[in-house]
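Everything on this sheet refers to the single structure shown next.
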Amino acid sequence: MTERDEWLATLPKAELHLHLEGAIPLPTLFELIQTAGGNPAVPTIEALRQRLVYPDFPAFIDTWIWKNSFLRSYDDFTFIAEAVAADLARQNIRYAELFFSPSRFADLGLTPARLAKAIRSGFDLVPEITLYLIADLVRDLGPRNAAGTLAEIVDVADEAGILGIGIGGSEHLYPPEPFAPVYDLARRAGLRTSAHAGEAAGAQSVRGAVEVLRVDRVGHALRAEEDEAVIDLLAEIGVVLELCPLSNLATGVIRRPEDHPVRRYWERGLNITVNTDDPGMFHNSLAGEYALLMDVFGFDRAEICRLAAAALEGAWCRPEEKAALRPFFAA
């Protein structure tokens, strides 16, 4: 490792846009596959690594669903939660909020409430890091399903450490606006809100998330700059943006790293954070994301420290928890 790499590795970090099921370390996912009887398409870890490469965003979604097929029980979720927590702690990530997608596993008879508690059991085995959950209501399954999932998680939100909701999935097929009533219910239940927008769909999706869903944070927002009026809206409101540069590259949403708007958003004064999204599926890390910003976009160390601190400030934990963590993020 270079001195710069060592600095990035030891820098205290926080993540706000991270999917539990997409953050499973490769050896852990391979063990799950072997426990399920193996798969001839991925006889080795290296073959699995090659399987986790995508020509475009729909192919990534298909692979996500394939990978989920090896998660079959509550114990599987406790197992991956512990592995993900340990991997994050190893990277000196002090705080993270992780999406989980309970609706994806309803056909197995796994309920959102018990799933959340199983994940919390795994997190609790790694006390070195502060972790919370965000329930992904899965836009592909529609608003009615989202409302049902919300009703179940509200009852265990405090016990399982669920701070908010979001909608991931096939954004290009399912716009945000029909989910507005569900988001209103979530706010009334005391939950915070986010939405994937401007990743596989354009600036109008970001506008819908902000103006109709009234989200606290926007995931990706990559294509917001297709409409300057949307950029003006984001600047005016100050909504936190959860940018994921290497994710967007891995799914083919952008073709070159330098096409990402992260520097332009920074210079425009937007409230940005940088995150990994699905590091188990994209083979990235938060330190690697920061290295990209330095190598491609000219971010210096002071700016990287400000980005790390911005992630903590954008977090949804209690003010006293944030205050206790803030000294670690002082530049």
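Any value given below was found using the heavy atoms of this structure, including those in side chains, with hydrogens, waters and symmetry copies removed. The structure displayed is predicted, hence computed values, not measured ones. Residue numbers run from 1 in the order of the sequence given.
- Using a 4.5 Å heavy-atom threshold, the side chains of Leu292 and Val262 count as separate.
- Side-chain N/O atoms of Asn284 and Glu289 include a donor and acceptor closer than 3.5 Å.
- Between Glu321 and Thr130, the side chains place no donor N or O within less than 3.5 Å of an acceptor N or O (distance only, hydrogens not considered).
- Looking only at distances, a side-chain donor or acceptor of Lys13 sits under 3.5 Å from a matching main-chain atom of Gln91.
- Using a 4.5 Å heavy-atom threshold, the side chains of Thr276 and Leu18 count as touching.
- Just one residue in the list Ile119, Asp75, Ile24 forms a side-chain contact (heavy atoms from CB on, under 4.5 Å) with Ile80, and that residue is Ile24.
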### Query
Could you go step by step and tell me if Arg306 and Glu303 meet the salt bridge (charged side-chain N to carboxylate O under 4.0 Å, His left out) rule?
CA-CA 5 Å; Arg306 286 167 59 193; Glu303 290 172 322; 5.1 Å; no

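- Hydrophobic clustering of Ile, Leu, Val, Met, Phe, Trp and Tyr side chains at less than 4.5 Å, counting indirect connections, keeps Val182 apart from Val212.
- Note on Arg301 versus Glu3: salt bridge recorded, some NZ/NE/NH1/NH2 to OD/OE distance being below 4.0 Å.
- Ion pairing between a basic and an acidic side chain is recognised when a charged N comes within 4.0 Å of a carboxylate O; Arg192 and Glu97 show no such pairing.
- Of all heavy-atom pairs between Ala186 and Ile165, the closest is CB-CD1, 3.5 Å.
- You'll find the side chain of Leu307 reaches within 4.5 Å of the side chain of Ile272, heavy atoms only.
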Next item on the list: Applying side-chain hydrogen bond (donor to acceptor under 3.5 Å, both in side chains), run through Glu242 and Ser194 and close with a yes or a no.
Entry: CA-CA 9 Å; Glu242 307 158 353; Ser194 178; 3.3 Å; yes

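- Side chain of Arg187 to backbone of Arg214: a donor-acceptor contact under 3.5 angstrom is found.
- Within the model, atoms CG of Leu8 and CG of Asn92 stand 11.5 Å from one another, a figure rounded to the nearest 0.5 Å.
- Note that CZ of Arg49 is 15.0 Å distant from CZ of Arg51, once rounded to the nearest 0.5 Å.
- Here the straight-line distance linking atom OG of Ser69 with atom CG of Leu108 works out to 9.5 Å at 0.5 Å rounding.
- Note on Phe99: it does not cluster hydrophobically with Leu286, by side-chain heavy-atom contacts below 4.5 Å among ILVMFWY residues.
- Here the CZ-CG distance, from Arg104 to Leu71, works out to 12.5 Å after rounding to the nearest 0.5 Å.
- The pair Glu313-Arg326 meets the salt-bridge criterion, since a charged nitrogen lies less than 4.0 angstrom from a carboxylate oxygen.
- Residues Tyr132 and Phe77 are members of separate hydrophobic clusters, defined by side-chain heavy-atom contacts under 4.5 angstrom among Ile, Leu, Val, Met, Phe, Trp and Tyr.
- No donor-acceptor pair closer than 3.5 Å links the side chain of Asn275 to the backbone N or O of Cys244.
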Worked verdict on Trp64 versus Met281 for side-chain contact (heavy atoms from CB on, under 4.5 Å): CA-CA 8 Å; Trp64 175 276; Met281 300 187 71; 3.4 Å; yes

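- Residues Leu137 and Ser103 come closest through the heavy atom pair O-OG, 4.3 Å.
- Taking all atoms of both residues into account, the shortest heavy-atom contact from His220 to Ser247 is CE1-OG, 3.9 Å.
- With rounding to the nearest 0.5 Å, the separation of NE2 in His17 from CG in Asp277 is 4.0 Å.
- Under the 4.5 Å side-chain heavy-atom criterion for Ile, Leu, Val, Met, Phe, Trp and Tyr, Phe282 and Leu222 are members of the same hydrophobic cluster.
- We find that Asp295 and Arg4 are joined by a salt bridge, their nearest charged nitrogen and carboxylate oxygen being less than 4.0 Å apart.
- A donor-acceptor pair under 3.5 Å links the side-chain atoms of Glu171 to the main chain of Gly198, judged by distance alone.
- For Glu21 (side chain) and Ser101 (main-chain N/O), a donor-acceptor pair under 3.5 Å exists by modelled atom type.
- A donor-acceptor contact shorter than 3.5 Å is absent between the side chain of Arg139 and the backbone of Gly169.
- The closest side-chain donor-acceptor pair between Thr111 and Glu152, if any, does not fall under 3.5 angstrom.
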*Stepwise, does the side-chain contact (heavy atoms from CB on, under 4.5 Å) test hold for His260 with Leu243?*
CA-CA 9 Å; His260 199 279; Leu243 305 186; 4.2 Å; yes

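- Crowding of Asp158 atom CG: a count of heavy atoms from other residues, nucleotides or ligands under 6.0 Å not exceeding 12.
- Panel note: side chain Asp259, backbone Arg256; a donor-acceptor pair is recorded below 3.5 Å.
- Lys322 places a side-chain N or O within 3.5 Å of a backbone atom of Ala315 that can act as its donor or acceptor partner.
- Shown here for Ala96 and Leu88, the closest heavy-atom pair between the two residues is CB-CD1, 4.2 Å.
- Counting heavy atoms from C-beta outward, Trp66 and Asp62 have side chains that stay 4.5 Å or more apart.
- Taking both residues in full, the closest heavy atoms of Pro25 and Ala83 are given as CG-O, 3.9 Å, listed atom of the first, atom of the second, then distance.
- Phe123 and Leu16 fall into different hydrophobic clusters, where Ile, Leu, Val, Met, Phe, Trp and Tyr residues are linked whenever their side-chain heavy atoms come under 4.5 Å apart, directly or through other members.
- Separating the OG atom in Ser73 from the CG atom in Leu115 is a distance of 9.5 Å, to the nearest 0.5 Å.
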Checklist entry - Can you list the steps and then say if Ile134 with His19 is a side-chain contact (heavy atoms from CB on, under 4.5 Å)? => result CA-CA 9 Å; Ile134 302 170; His19 293 266; over 6 Å; no

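- Within the 4.5 Å cutoff, side-chain heavy atoms of Leu233 are placed close to those of Val210.
- Taking the six-membered ring wherever Trp is involved, the centroid distance between the rings of Trp266 and Phe297 does not fall below 6.0 Å.
- At distances below 3.5 Å, at least one donor-acceptor pair connects side-chain atoms of His283 with backbone N or O atoms of Leu52.
- In terms of modelled atom types and a separation under 3.5 Å, the side chain of Thr78 and the main chain of Gly122 share no donor-acceptor contact.
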*Decide yes or no on side-chain contact (heavy atoms from CB on, under 4.5 Å) for Leu11 and Cys305, but give the supporting numbers first.*
CA-CA 8 Å; Leu11 180 73; Cys305 288; 4.0 Å; yes

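- Summarising the geometry of Ile61 relative to Ser170, their closest heavy-atom pair is CG2-OG, 4.2 Å, with the distance given to 0.1 Å.
- Considering only heavy atoms from C-beta on, Glu15 stays 4.5 Å or farther from Leu98 through its side chain.
- Asp136 has its side chain out of reach of Phe100: every pair of non-hydrogen atoms, C-beta onward, lies at least 4.5 Å apart.
- You'll find the side chain of Val253 reaches within 4.5 Å of the side chain of Phe57, heavy atoms only.
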